Number of protein chains: 2
Amino acid sequence: MRSTGSKPAAENARQGQRHKADFAVRLRAAQLRPTQQRLALARLLFSGGDRHVTAEDLHGEALGAGARLSLATVYNTLHQFTQAGLLRQVIVDGDKIHFDTNTGEHHHFYVEDDGVLIDIPGSDVRIEGLPKAPSGKEIERVDIVVRLKSRS
Amino acid sequence: MRSTGSKPAAENARQGQRHKADFAVRLRAAQLRPTQQRLALARLLFSGGDRHVTAEDLHGEALGAGARLSLATVYNTLHQFTQAGLLRQVIVDGDKIHFDTNTGEHHHFYVEDDGVLIDIPGSDVRIEGLPKAPSGKEIERVDIVVRLKSRS
DNA sequence: CTGTGTGCAAACTCTTTGCATAAGT
DNA sequence: ACTTATGCAAAGAGTTTGCACACAG
């Protein structure tokens, strides 16, 4: 992971107000009204580095941060964000859907014991010998999940 | 089914019944009693080539084939088979668990439109540049899922 | 016989949905 | 004002579980 689109700290520091506005602009660009709930979730999701959350995680976090929203809204919002390309879903277990703020090409370690996801930069990994898609189909995405267990 | 009396091992050697006996032996090796239901499912799963099924699929198939068993038993059996190493789970969508009769190293195409899985032989594929597992963890398995969509 | 497996239905988890209310523009 | 989101609670899908009965050894 190099200089991939990360903004220099200077730009962020330039204008204190800009942060909030950024999220609003970003939401608007996705044709989503910047409501309080969506802004709160966007702030939690996109303020720091890349994150992996489940709906429940994020709901709890939002409540803890003082936001007032329902789990249903979190689900709705996560799906809207996903559809808008701000998030991506990661399927690793049958139980929960994980949402990933890193929408670039990359893969995952999955720690089965505690359900934690860890990014593997896509640039590091090369896959060879993959057959091409059956006729009539095209490859939408290639996901690699490296399942980890604690060493005993 | 047929003889209510004792089934001497000699019957296993009988040619005509060899198939069935094979399944019974296989189940027994996994410390699973070869009950009617388990035999019926084993027959459906392992008679032909490799298969991918969901619990509901298999239940419907079994009923269609004249077996009399409940969905709960199918779930129980699939998990027992999985634990015994006869099957393996494939997680590709959050909705259903797919069970794969191919327990060897291989990967999958996943056709998102209709939920169909297609094997990719593991021998064909090579992955390079994968970071090694974080300390304290070890790699249990590497799964590749190639998601396909219909070309428009 | 004795213990294990099965069936049934209820319980459970995660996720989605419908509709009245609230908020955004 | 007019439109779009939200909250709530109920519904929904897939899967699991508890217990009485049935079957395999």
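Just so it is clear, the values below take in all heavy atoms, side chains as well, and ignore hydrogens, waters and symmetry mates. Each chain gets a letter, A, B and so on, in the order its sequence line appears, and its residues count up from 1. Since the structure is predicted, the reported quantities are computational estimates derived from the model, not experimental observations.
Between A/K149 and A/E112 no salt bridge is recorded (no basic side-chain N to carboxylate O distance below 4.0 Å). Salt bridge annotation for B/R151-A/E138: absent, with no cationic side-chain nitrogen under 4.0 angstrom from a carboxylate oxygen.
Whole-Å rounding puts the A/Q31 CD to D/dT3 C1' distance at 14 Å. Atom CG of B/N76 and atom C1' of D/dT17 are 9 Å apart (whole Å). One atom, CG of B/L71, and another, P of D/dT16, lie 10 Å apart when rounded to the nearest Å. Counting to the nearest Å, the P atom of D/dG14 and the CD1 atom of A/I97 are 13 Å from each other.
Of all nucleotides in DNA chain C having an atom under 4.0 Å from a heavy atom of chain B, the first and last in 5' to 3' order are C/dG3 to C/dA9.
Residue pairs satisfying the ring-ring contact (aromatic ring centres under 6.0 Å, His included) criterion with at least one member in residues 60-80 of chain A, sequence neighbours excluded, are listed as follows: A/H79-A/F99.
Under the rule for a ring pair (Phe, Tyr, Trp, His ring centres under 6.0 Å), the partners of B/H52 that lie at least two apart in sequence or sit in another chain are B/H108. By the side-chain hydrogen bond (donor to acceptor under 3.5 Å, both in side chains) test, A/T73 is found to be paired with A/S70, residues two or more places apart in sequence or in another chain being considered. B/T35 meets the side-chain hydrogen bond (donor to acceptor under 3.5 Å, both in side chains) test with no other residue; sequence neighbours excluded. Not counting sequence neighbours, the partners of B/P134 by the side chain to side chain contact (heavy atoms under 4.5 Å, CB included) test are A/F109, A/I118, A/L148, B/K137. With sequence neighbours excluded, no residue forms a salt bridge (Lys or Arg N to Asp or Glu O under 4.0 Å) with B/R28. Legend: residues meeting side chain to side chain contact (heavy atoms under 4.5 Å, CB included) with A/T54, ordered by chain and number and at least two apart, are A/E56, A/D57, A/K96, A/H98.
Taking 4.0 angstrom as the limit, A/T35 places a side-chain polar atom (N or O) nearer than this to OP1 or OP2 of D/dT6. Taking 4.0 angstrom as the limit, B/R33 places none of its side-chain polar atoms (N or O) nearer than this to OP1 or OP2 of D/dC23.
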Would you mind writing out the side-chain donor-acceptor pairs for residues 80-90 of chain B within the sub-3.5 Å range, not counting sequence neighbours?
residue: B/Q80; atom: OE1; partner: B/R38; partner atom: NH1; Å: 2.9
residue: B/T82; atom: OG1; partner: B/L78; partner atom: O; Å: 2.7
residue: B/R88; atom: NH1; partner: B/G104; partner atom: O; Å: 2.9
residue: B/R88; atom: NH2; partner: B/H106; partner atom: O; Å: 3.3

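Near DNA chain D, defined here as any heavy-atom distance below 4.0 Å, there are no residues from residues 82-91 of chain B. Heavy-atom distances under 4.0 Å link DNA chain D to A/R68, A/L69, A/S70 of residues 54-70 of chain A, given in residue order.
Side chains of B/D119 and B/D100 form a contact here, defined as non-hydrogen atoms less than 4.5 Å apart.
The side chain of A/Q37 lies closest to D/dT6, out of D/dA24, D/dG25, D/dT6.
Defining each end axis of the helix from C/dC1-D/dG25 to C/dT25-D/dA1 as the rotation carrying four pairs' C1' atoms onto the next four, with five pairs an end, the two axes are found to diverge by 30° to 10 degrees.
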